[in-house]
Amino acid sequence: QVQLVESGGGLVQAGGSLRLSCAASGRTFSSYAMGWFRQGPGKEREFVAATSAAIGSTVYADSVQGRFTISRDNAKITVYLQMTSLKPEDTAIYYCAARRSRLVTRTMHDYDYWGQGTQVTVSS
């Protein structure tokens, strides 16, 4: 099975930036679509961004479009979420997920493996 470990969360001021990392295991990482989801206080988990197994294919939630960038480094078997212009509403636990498919999807239930999450807190 694939193991995912998120890191890079923390406390930042509004307008600041953070880069989240998700280290993955498995030789087949390059064949998996990867996604980021988040769950804020009292809210359901929601889609943030995803990338296909092919470099350059990405999709974003409307709420983060233009501010967040998802990328992957297959050599390091790591996926990243570069977050800029952070807002207090971005405060959430961020989870990375892997799907046994090369194609991106926004649907949480389409993903097969999940990390434990990393906390992002954005202060006003």
Side-chain angles (χ1 to χ4, degrees):
Q1 295 188 355
V2 174
Q3 295 187 54
L4 305 173
V5 181
E6 302 97 333
S7 63
L11 174 64
V12 298
Q13 295 181 345
S17 300
L18 279 177
R19 189 191 193 193
L20 305 183
S21 299
C22 178
S25 65
R27 182 178 177 84
T28 58
F29 170 78
S30 62
S31 298
Y32 293 165
M34 302 292 296
W36 285 96
F37 292 77
R38 67 186 182 186
Q39 187 166 15
K43 298 184 179 296
E44 296 181 348
R45 190 174 300 178
E46 65 177 354
F47 171 79
V48 176
T51 181
S52 71
I55 299 297
S57 181
T58 58
V59 63
Y60 297 91
D62 290 343
S63 60
V64 305
Q65 183 74 44
R67 298 189 297 120
F68 292 8
T69 302
I70 186 171
S71 62
R72 66 193 298 161
D73 185 336
N74 289 334
K76 296 182 178 180
I77 53 174
T78 301
V79 63
Y80 304 96
L81 185 68
Q82 179 67 50
M83 305 184 294
T84 62
S85 301
L86 283 163
K87 306 173 182 179
E89 65 190 55
D90 295 318
T91 295
I93 300 174
Y94 284 71
Y95 301 88
C96 66
R99 184 188 183 206
R100 295 193 302 270
S101 171
R102 301 179 68 88
L103 305 179
V104 298
T105 175
R106 292 180 172 89
T107 304
M108 179 181 67
H109 297 294
D110 288 340
Y111 290 83
D112 302 293
Y113 307 102
W114 293 84
Q116 296 301 304
T118 185
Q119 177 70 49
V120 173
T121 303
V122 185
S123 62
S124 300

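Here the side chain of Thr51 pairs a donor or acceptor atom with the backbone of Ser57 at under 3.5 angstrom. Judged by distance alone, the side chain of Gln13 and the main-chain N or O of Ser123 form no donor-acceptor pair under 3.5 Å. Put simply, the side chain of Arg72 gets close to the backbone of Ser52: a donor and an acceptor are under 3.5 Å apart. Checked by atom type and distance alone, the side chain of Arg99 never pairs as donor or acceptor with a backbone atom of Ala33 at under 3.5 Å. Side-chain atoms of Thr107 do not come within 3.5 Å of backbone N or O of His109 as any donor-acceptor pair. Here the side chain of Ser25 pairs a donor or acceptor atom with the backbone of Gln3 at under 3.5 angstrom. A donor-acceptor distance shorter than 3.5 angstrom exists from the side chain of Glu6 to the backbone of Gln116, with no hydrogens or angles considered.
Ring geometry for Phe37 versus Trp114: interplanar angle of 30 to 60°, hence tilted.
Scanning all heavy atoms of the two residues, the minimum distance from Ser30 to Ala53 falls at O-CB, 3.0 Å. Summarising the geometry of Tyr111 relative to Ala97, their closest heavy-atom pair is CD2-CB, 3.6 Å, with the distance given to 0.1 Å. Residues Ala61 and Phe47 share a closest heavy-atom pair of CB-O, 3.4 Å. Residues Pro88 and Ala14 share a closest heavy-atom pair of CD-CB, 4.1 Å.
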CA sep, side-chain torsions, deciding dist, call: Ser7, Thr118, side-chain contact (heavy atoms from CB on, under 4.5 Å) = CA-CA 6 Å; Ser7 63; Thr118 185; 5.6 Å; no
Apply the test side-chain contact (heavy atoms from CB on, under 4.5 Å) to residues Thr91 and Arg38: give CA-CA distance (whole Å), side-chain angles for both, the deciding distance (0.1 Å), then the verdict.
-> CA-CA 9 Å; Thr91 295; Arg38 67 186 182 186; over 6 Å; no
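The side chain to side chain donor-acceptor pair (under 3.5 Å) test applied to Thr105 returns Asp110, not counting sequence neighbours.
Put simply, CD on Gln82 and CZ on Arg67 are 12.5 Å apart, with the number rounded to the nearest 0.5 Å.
Annotation for Ile70: hydrophobic cluster partners, listed by chain and number, are Val2, Leu4, Val12, Leu18, Leu20, Phe29, Tyr32, Met34, Trp36, Val48, Tyr60, Val64, Phe68, Ile77, Val79, Leu81, Met83, Leu86, Tyr94, Tyr113, Val120, Val122 (ILVMFWY side-chain heavy atoms under 4.5 Å, direct or chained).
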